[in-house]
Amino acid sequence: MEAPPQDELWYDKNRWVIRLIDSGLSELPDKPSCPSVVELFLQKNPDLTEIPPCFFLAMPQLHILDLSNTSIKSLPKSISSLVRLKKLLLRSCELLTELPPEIGRLVNLEMLDLEGTELICLPKEIKWLLLLKQLNVSFYESADQYKGFIPQSTLSRLSLLEELSIDVNQECGSYWEAELEAVIKELATLGNLKRLKLFFPTVEPLQEFLKFPCRRERDWCPNTRLVYQTLRNFRLTVGHDEERVMSCLPAGLQDEFEKLVKCLKHVNGEGSIDGIGKVLEYSNAFFLDRHWTIESLSVFKADQMRQLHFCLLVQCNEMKTIVDEGDLDPNQKKTKGLDSLQYLSIHCMKNLESIWKGPNVKGWMLCLKVLALHTCPKLSTIFDIGLLHNLICLKELIVEECPQVQSLVKMESSHLEYDDHSEFLPSLERISLLHLPELVSIFNGLNVARRLEKMVVYNCPKLRNLSPIASKSMKEIKGEIKWWEELKWQSNRLHSKLVCVFVPLARDGDLIDQLEEARSSINNLSMLKTSLKTQRSWVSHSAVTLASAKTKAMKPWFLAPPPPPPPPPPPPRKKTVEELITEKFKVKDSDHDTRDGDLIDQLEEARSSINNLSVTKSSLKTQRSWVSHSAVTLASAKTKAMKPWFLAPPPPPPPPPPRKKNVEELITEKFKVKDSDHDTRDGDLIDQLEEAQSSINNLSMTKTSLKTQRSWVSHSAVTLASAKTKAMKAWFLAPAPPPPPPPPRKKNVEELITEKFKVKDSDHDTRDGDLIDQLEEAQSSINNLSMSKTSLKTQRSWVSHSAVTLASAKTEAMKTRFLAPPPPPPPGLKLDKDK
């Protein structure tokens with residue numbers, strides 16, 4: 001008997017974790033004091049059989065308690081004091097048969113793991129664990145102890161339950177079947193359920209389970225899914241699983257297989273498979289064990305096996321082929337089938353004759369990576385050319401105890417053409433051939449497996465030739481020495497390359513381990529499972545990343561301000577008279593003196609160009625008015641924002657000052673002069689004090705007057721600011737001024753000549769070279785007017801900018817003045833109380 005741990009471990013007030021995992025612990029202290037401990041791990045101590053009654057009384061902060069794999073038979077009543085406990089693990093406590101009613105006081109419990117125990121029933125107090133999210137329980141009950149496994153209306157109260165696992169011993173199947181209908185109805189009310197492990201003794205309860213809609217979607221979704229369609233993970237077992245004296249499966253394969261996500265296990269089935277097919281549609285793993293009537297896997301529709309990744313077939317003695325082309329309807333022949341299947345393991349199939357029967361359909365089993373065939377005495381055909389074309393991802397092939405197999409590839413069964421350069425099974429890396437007494441050729445001379453790395457051959461006495469086989473990638477060949485020496489080689493070069501990688505199988509005890517390793521595919525199953533999880537997490541991460549990228553891309557588009565209006569085009573440069581004459585009138589310098597009557601037409605053309613410039617100018621003015629209107633709108637918004645600040649009421653007046661004490665009180669309190677001394681003091685002191693009091697009164701009156709003036713000035717300033725704001729608001733919001741009147745009619749050239757240049761009709765024919773000078777003078781005057789106009793505009797914009805700047809400065813100055821604290825009184829006004 002081991003002594004209990006030292007007292008320092010159980011009475012350390014600062015320790016918050018105690019770990020005694022697999023420590024040989026057999027006894028616990030009666031009442032330890034662990035006020036700070038949060039986690040207590042006591043698992044894997046099989047000698048621990050009892051927990052003292054007061055053991056949990058002084059652990060108020062305990063959150064996690066693990067007693068898994070111990071030999072305890074019950075829990076003490078003191079467990080009710082663990083009100084903060086969140087996780088209670090009692091996994092594989094095989095002697096634990098009941099829970100105390102005090103378990104219902106663990107109101108913060110979120111996880112209760114009782115898997116692997118032999119409970120008779122759950123206490124009714126379980127319904128008070130309203131925060132429970134995970135419940136794993138195992139029942140074992142005999143006929144004389146049956147009282148009901150789960151109290152009625154218990155599961156329906158656990159509304160936050162996300163994971164539920166109920167395992168029932170096969171001997172209790174009839175009792176569980178009577179209670180299962182009520183349990184299924186309560187499962188339909190669990191809106192948060194995501195993971196489920198459940199045992200169905202027959203197919204009928206499963207068909208009832210498949211009818212219940214998901215409560216989480218029933219109230220808002222028009223197309224409500226069923227409960228089993230919303231589960232993220234499930235392990236459903238249908239049928240009684242009888243114990244075998246000797247299992248035909250490799251050690252650990254069944255346990256590893258049942259840990260897969262969305263696993264469906266059908267045991268001892270017979271007849272209808274409708275309910276199985278519906279669940280199979282959402283399953284990733286399918287374990288079919290001892291079905292007595294099914295003849296091929298293709299009796300399930302191709303759509304129902306679309307998500308199937310792992311398939312394990314055991315002792316289905318009526319099954320003659322895996323896929324029968326005759327079972328496929330015309331639509332299934334055109335589509336891909338078993339296109340997600342990665343792992344196919346077949347064991348002890350007494351009547352299995354082939355993998356595929358009938359003409360091969362392209363696209364089937366494209367993703368298959370592991371194919372294992374164990375103990376199939378009637379199997380004669382494994383591959384044909386059509387199936388080899390589909391298995392482009394196959395990495396491992398195991399063939400064991402198939403005595404009728406002469407070659408892995410049967411040539412005459414194929415209807416597809418091929419040539420000598422065709423390559424098959426390009427991804428195959430490992431092949432194990434065990435106990436094949438009739439095997440003569442591996443691939444029947446085909447160019448197969450150029451990436452083959454490892455080969456194991458045992459008890460294949462008729463296999464005398466390994467060619468053609470890839471020698472570049474080969475790393476290891478295991479086999480018997482006698483078999484290796486009797487091999488026939490087509491070339492010495494191939495033999496010299498492969499002899500370096502040959503490893504003889506020993507004849508001692510290691511032979512069993514080596515063969516077990518060769519026939520086992522558990523490692524590949526684990527690798528495929530990890531790969532599937534990685535792919536799933538990568539897809540989820542990619543979907544989340546894509547959604548986040550879309551959100552980020554759309555967010556700036558939604559929140560972006562509207563684009564600013566396009567800037568107005570720059571005004572065209574004023575051209576000189578010479579450029580206008582050269583470009584518009586096409587008059588050369590040599591023609592100036594010989595100009596004739598076409599001058600009038602050219603001048604009218606110039607006038608038309610000037611009109612077009614006026615239209616452009618009007619368009620610029622319109623754009624400027626739009627910009628001004630936008631500025632007015634912005635200024636109006638700013639004014640509205642500042643108006644509450646300007647129009648805020650003045651702060652409340654300060655409280656009245658304390659009453660001024662008279663001279664006698666000041667003398668009595670400050671200068672400690674008694675009444676009896678008044679008559680003996682000379683008259684000067686009284687006069688000086690009265691003078692000081694008069695000065696103080698005058699200063700107080702002056703101060704009050706100043707405060708009144710200041711408040712009046714502040715109120716006037718606020719009133720003036722409000723008036724200015726109203727005036728500015730009226731000016732900003734005033735309608736736009738009416739458009740300017742149309743310009744006066746443009747005078748023709750004769751009028752211009754008559755009025756401006758004083759040229760008479762009689763002088764038209766005698767015009768001399770002065771006309772050019774006069775026109776240049778007119779152009780110069782027009783340019784001067786344009787420059788004056790531009791200067792006036794510049795001055796106006798400068799004045800406007802100055803006005804805005806001045807108004808802003810005034811506003812800031814008034815704001816600073818209003819918000820500034822009043823100045824302190826001058827130091828000369830303080831009364832020197834010591835004097």
Write down the atom of Ser138, the atom of Thr117, and the distance for their closest heavy-atom approach.
-> CB-O, 3.4 Å
Check the surroundings of atom CD in Gln61: do more than 12 heavy atoms from other residues, nucleotides or ligands lie under 6.0 Å from it?
-> yes
How long is the gap from CD on Glu181 to CD on Glu179, to the nearest 0.5 Å?
-> 11.5 Å
Are Val227 and Leu196 side-chain neighbours, meaning at least one heavy-atom pair lies under 4.5 Å?
-> no
For Val261 and Arg232, work out which heavy atoms get closest and say how close.
-> CG1-O, 3.7 Å
Hey, does Leu135 have a side-chain heavy atom less than 4.5 Å from the side chain of Leu129?
-> no
Given Leu288, which of Lys265, Gln315, His266 fulfils the side-chain contact (heavy atoms from CB on, under 4.5 Å) condition?
-> His266
For residues 98-112, dump all side-chain donor-acceptor pairs below 3.5 Å to protein atoms at least two apart in sequence or in another chain.
{"unit_1": "Asn108", "atom_1": "ND2", "unit_2": "Val83", "atom_2": "O", "d": "2.8"}

Output yes when a side-chain donor or acceptor of Asn45 lies under 3.5 Å from a complementary backbone atom of Ser23, and no otherwise.
-> yes
In terms of heavy-atom contacts, does CD of Glu94 have more than 12 from other residues, nucleotides or ligands at under 6.0 Å?
-> no
Find the distance between CG (Leu119) and OH (Tyr140) and round it off to the nearest 0.5 Å.
-> 13.5 Å
When you look at Asn136 and Glu163, which way does the side-chain contact (heavy atoms from CB on, under 4.5 Å) test go after all the steps?
-> CA-CA 8 Å; Asn136 302 337; Glu163 179 176 345; 3.9 Å; yes
Basic-acidic side-chain contact under 4.0 Å: Lys211, Glu208 | yes
Determine whether more than 12 heavy atoms belonging to other residues, nucleotides or ligands lie under 6.0 Å from atom NZ of Lys77.
-> no
Check: Met349 and Leu373 side chains under 4.5 Å, non-hydrogen atoms | no
Evaluate the side-chain proximity of Arg235 to Phe199: yes if any heavy-atom separation is below 4.5 Å, no if none is.
-> no
Might you work through the side-chain contact (heavy atoms from CB on, under 4.5 Å) test for Thr293 and Glu318, ending with a clear yes or no?
-> CA-CA 6 Å; Thr293 58; Glu318 294 299 320; 5.8 Å; no
Do His291 and Ile273 have side-chain heavy atoms sitting under 4.5 Å apart?
-> yes
Quick check: are there more than 12 heavy atoms from other residues, nucleotides or ligands sitting under 6.0 Å from CZ of Arg306?
-> yes
Spacing of Cys93 atom SG and Ile72 atom CD1 [to the nearest 0.5 Å] | 4.5 Å
Taking only residues two or more places apart in sequence or in another chain, which ones pass ring-ring contact (aromatic ring centres under 6.0 Å, His included) with Tyr228?
-> Tyr282
CG of Asn317: more than 12 outside heavy atoms within 6.0 angstrom?
-> yes
Could you label the plane-to-plane angle of the Tyr343 and Phe310 rings as parallel, tilted or perpendicular, counting under 30° as parallel and over 60° as perpendicular?
-> tilted
Considering all heavy atoms of both residues, which atom of Ser36 and which atom of Lys13 are nearest to each other, and what is their separation?
-> OG-O, 2.5 Å
Take Val37 and Leu62 through the test side-chain contact (heavy atoms from CB on, under 4.5 Å) and record every step on the way to the result.
-> CA-CA 6 Å; Val37 69; Leu62 193 63; 4.3 Å; yes
Nearest heavy-atom pair of Pro60 and Cys34: which atoms, and what distance?
-> CD-O, 4.2 Å
Sorted by chain and residue number, the ring-ring contact (aromatic ring centres under 6.0 Å, His included) partners of Phe41 (sequence neighbours excluded) come out as none
Do side-chain atoms of Ser71 reach the backbone of Asp47 as a donor and acceptor pair under 3.5 angstrom?
-> no
State whether the side chain of Asn233 and the backbone N or O of Lys194 hold a donor-acceptor pair below 3.5 Å, judged by distance alone.
-> no
Sub-4.5 Å side-chain heavy-atom contact between Phe55 and Ile79 | no
Do the side chain of Ser298 and the main chain of Asp324 share a donor and acceptor less than 3.5 angstrom apart?
-> yes
When rounded to the nearest 0.5 Å, the distance separating CG of Asn390 from SG of Cys367 is 11.0 Å
At their closest point, which heavy atom of Ser92 faces which heavy atom of Asn69, and how far apart are they?
-> CB-ND2, 3.4 Å
Using salt bridge (charged side-chain N to carboxylate O under 4.0 Å, His left out) as the criterion, list what pairs up with Asp66, not counting sequence neighbours.
-> none
All heavy atoms of Lys278 vs all of Leu210, minimum pair found to be CB-CD1, 3.9 Å
Does NZ or CZ of Arg157 fall inside the cone over Trp128's six-membered ring, less than 6.0 Å from its centre and within 45° of the axis?
-> yes
Backbone N or O of Leu155 within a donor-acceptor pair of the Glu186 side chain at under 3.5 Å?
-> yes
Between Val323 and Leu338, is any pair of side-chain heavy atoms under 4.5 Å apart?
-> yes
What's the verdict on side-chain contact (heavy atoms from CB on, under 4.5 Å) for Leu260 and Phe287, showing C-alpha distance, side-chain angles and the deciding distance?
-> CA-CA 11 Å; Leu260 297 172; Phe287 184 5; over 6 Å; no
Atom CD of Gln134 and atom CG of Leu164: how far apart are they, to the nearest 0.5 Å?
-> 10.0 Å
Any side-chain heavy-atom pair of Phe212 and Leu187 under 4.5 Å | no
Can you sort out the partners of Thr70 under side chain to side chain donor-acceptor pair (under 3.5 Å), two or more places apart, ordered by chain and number?
-> none
Please work out whether the ring planes of Phe149 and Phe139 are parallel, tilted or perpendicular, with thresholds of 30° and 60°.
-> tilted
Whether over 12 other heavy atoms sit under 6.0 Å from Glu50 CD | no
When rounded to the nearest 0.5 angstrom, what distance separates CD1 in Ile346 from CD1 in Ile355?
-> 4.5 Å
Using salt bridge (charged side-chain N to carboxylate O under 4.0 Å, His left out) as the criterion, list what pairs up with Glu204, not counting sequence neighbours.
-> none
